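A short worksheet on the structure shown next.
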Amino acid sequence: MNPVLYYFLLMDKDFIISSLFKKNLITTKKVIFKPMAGGVSSDICLLSDGVNNYVVKQACAKLKVKEDWFADVSRNETEQEFINYVQGFLPDAVPKIVFHDANRGFFVMEYMGSAFQNWKEQLLKGTFNPDTAIKAAQLISSLHLRSVHNEEVKKRFNSLSNFRSLRIEPYLVTTGDRHPGLKDFFYEEANRLGDYQEALVHGDFSPKNILVGPDRIVLLDHEVAWYGDPAFDVAFLLSHLYLKMLVHYPLKERPDLSRVFWKAYFEHMGEEKEHEMELRTGRLLIMLLLARMDGKSPVAYLNDQQKSFVRTFANDLLINKVYKQTQINAHWKSQLNQLPIEH
């Protein structure tokens with residue numbers, strides 16, 4: 001298909017309805033499309049005929065942020081490829097695709113329903129469940145182990161260009177440009193990530209993309225998937241857990257899910273792998289924390305004082321090259337304990 005035309009496709013609802021009706025996936029053509037909350041990179045709708053419910057997803061050419069941020073919508077195909085791959089060994093970890101059309105750049109998948117809750121929403125409400133962190137660690141470590149040094153998977157997910165436009169440029173390069181004193185750190189890391197190829201990486205492994213059900217968790221939003229450094233997934237998830245700690249820093253009794261996740265991940269990966277990954281994961285973690293303040297995808301739930309806290313924290317640790325997870329974690333908690341508690 002002509003990539004220029006593909007880039008500007010709009011969701012063809014009539015075609016979707018007709019296609020699902022022909023496949024007996026809906027019982028009537030009188031259906032409702034309801035926009036769903038989610039990320040900034042796709043149009044996502046809940047489609048319902050009153051009996052059957054599905055989620056329709058189509059990538060956007062321009063992401064829904066204040067700044068100009070564009071990405072190739074062919075990443076929708078990468079997401080489908082990721083789902084199909086993971087279903088081969090972890091079928092409960094991803095939604096099932098019920099219909100897709102490569103020429104129109106969308107797919108239709110199962111709707112998980114009200115039995116599933118979004119992990120990010122749970123964390124923002126102050127619910128810190130260690131079991132969810134353990135399941136998340138087991139899921140992502142299984143993906144990394146399954147694909148490590150696998151030439152077939154490497155060829156299948158040769159999607160560095162997408163990862164560069166969705167992660168390296170908006171998170172690392174942009175943040176480096178906005179912090180001249182740290183620019184060399186960010187540019188060096190951007191170049192390293194572009195050259196590193198070890199395992200299949202989800203690329204957007206965050207609580208907002210994890211649905212928590214009664215007996216399973218389901219991973220969403222796979223369009224950033226790329227064959228690269230598994231440390232990125234670990235650091236990305238940790239950065240989100242650290243920021244949720246910051247939101248709820250007055251709750252002294254809450255469990256540290258970052259430590260729970262780290263322990264469970266490397267129990268699966270092995271002690272040797274922990275030693276090998278620790279420093280580059282820690283370095284990435286610090287950069288991603290700062291990127292969530294000053295990159296193209298800033299968090300929306302922190303106040304100015306909290307953002308300043310993160311900027312100071314990241315600057316100090318990068319300048320002093322403190323990359324060990326135990327040191328980062330201890331320093332983060334020490335600094336949190338010094339924040340004033342508002343009454």
Side-chain angles (χ1 to χ4, degrees), residues 37-40 65 116-137 140 171 175 178-179 182 204-213 217 233-266 278 281-295 297-320 322-343:
V40 299
V65 295
F116 288 81
Q117 296 185 349
N118 185 273
W119 191 19
K120 175 185 176 180
E121 293 177 3
Q122 289 183 337
L123 291 170
L124 288 177
K125 291 176 182 177
T127 301
F128 289 74
N129 187 343
D131 185 58
T132 304
I134 291 171
K135 288 179 179 178
I140 202 65
Y171 280 73
T175 307
R178 292 172 179 175
H179 290 270
L182 302 174
D204 200 3
F205 192 61
S206 70
K208 77 175 177 63
N209 292 329
I210 293 175
L211 297 179
V212 183
I217 64 171
D233 279 339
V234 179
F236 202 76
L237 193 280
L238 288 175
S239 71
H240 286 270
L241 295 180
Y242 271 51
L243 294 179
K244 304 308 183 292
M245 271 195 266
L246 175 57
V247 171
H248 293 289
Y249 71 89
L251 300 178
K252 304 299 183 184
E253 301 303 318
R254 50 148 177 74
D256 181 353
L257 296 191
S258 69
R259 292 185 65 182
V260 173
F261 173 82
W262 181 274
K263 183 175 182 290
Y265 178 85
F266 286 109
E278 182 174 24
T281 302
R283 190 168 185 254
L284 259 172
L285 165 59
I286 299 165
M287 292 183 182
L288 289 172
L289 285 170
L290 189 55
R292 295 314 307 277
M293 304 302 107
D294 301 317
S297 181
V299 295
Y301 53 81
L302 298 182
N303 59 38
D304 289 342
Q305 180 191 36
Q306 291 166 335
K307 291 177 183 178
S308 178
F309 172 90
V310 176
R311 291 185 180 107
T312 300
F313 177 87
N315 185 84
D316 289 348
L317 267 62
L318 280 177
I319 292 295
N320 291 291
V322 178
Y323 302 148
K324 286 183 67 68
Q325 176 60 24
T326 52
Q327 294 175 312
I328 295 172
N329 187 273
H331 189 59
W332 180 262
K333 289 179 180 178
S334 172
Q335 296 301 108
L336 283 182
N337 287 335
Q338 296 179 36
L339 286 174
I341 297 178
E342 297 179 1
H343 298 283

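What you are looking at is a predicted structure, and each value in this text was computed from that prediction instead of being measured.
Of all the heavy atoms in W332 and Y242, the pair that sits closest is CZ2-O, 3.1 Å. Taking all atoms of both residues into account, the shortest heavy-atom contact from P298 to G295 is CD-O, 3.7 Å. A pairwise comparison of heavy atoms in V212 and Q122 identifies CG2-OE1, 3.8 Å as the closest pair. A pairwise comparison of heavy atoms in F261 and A136 identifies CE1-C, 4.0 Å as the closest pair. Of all heavy-atom pairs spanning P207 and L237, the tightest one is CD-CD2, 3.7 Å. When every heavy atom of A133 is checked against every heavy atom of V260, the shortest pair comes out as CB-CG1, 4.0 Å.
For the pair I217/L211, no side-chain contact is recorded, criterion being any heavy-atom separation below 4.5 Å from C-beta on. At a threshold of 4.5 Å between non-hydrogen side-chain atoms, the residues Y249 and F309 do not count as touching. No side-chain heavy atom of F236 sits less than 4.5 Å from a side-chain heavy atom of L284. Between L246 and L339, the closest side-chain pair of non-hydrogen atoms falls below 4.5 Å. By the 4.5 Å heavy-atom criterion applied to side chains, L290 and L182 are counted as neighbours. Between L318 and Y323, the closest side-chain pair of non-hydrogen atoms falls below 4.5 Å. Between K244 and L257, the closest side-chain pair of non-hydrogen atoms is not below 4.5 Å. Looking at heavy atoms from C-beta onward, K208 lies out of side-chain contact with H240 at the 4.5 angstrom threshold.
Taking CG of L123 as the start and CZ of R254 as the end, the distance is 11.0 Å to the nearest 0.5 Å. Of the inter-residue distances, the one linking L243 atom CG with K307 atom NZ reads 11.0 Å to the nearest 0.5 angstrom. Here S258 contributes atom OG and I328 contributes atom CD1; the two are 10.0 Å apart, rounded to the nearest 0.5 Å. Here the CG-CE distance, from L317 to M287, works out to 11.5 Å after rounding to the nearest 0.5 Å. Atom-to-atom distance recorded for H331:NE2 and D316:CG is 5.5 Å, nearest 0.5 angstrom. Once rounded to the nearest 0.5 Å, the distance linking CE of M293 with CD of Q306 reads 9.0 Å.
Between the side chain of N337 and the backbone N or O of K333, at least one donor-acceptor pair lies under 3.5 Å. With hydrogens and angles ignored, the 3.5 Å screen pairs a side-chain donor or acceptor of N303 with a backbone N or O of Q305.
Using modelled atom types and a 3.5 Å distance limit, the side chains of D294 and H179 yield a donor-acceptor pair.
Shown are N329, L241, T281; of these, the side chain to side chain contact (heavy atoms under 4.5 Å, CB included) with W262 is made only by T281.
Heavy atoms from other residues, nucleotides or ligands lying under 6.0 Å from CZ of R311 number more than 12. Surrounding CG of D304 are at most 12 heavy atoms belonging to other residues, nucleotides or ligands under 6.0 Å away.
A perpendicular orientation is assigned to the rings of F128 and H248, their planes being inclined by more than 60° (bins at 30° and 60°).
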| request: Decide yes or no on side chain to side chain contact (heavy atoms under 4.5 Å, CB included) for T312 and Q335, but give the supporting numbers first. | output: CA-CA 10 Å; T312 300; Q335 296 301 108; 6.0 Å; no

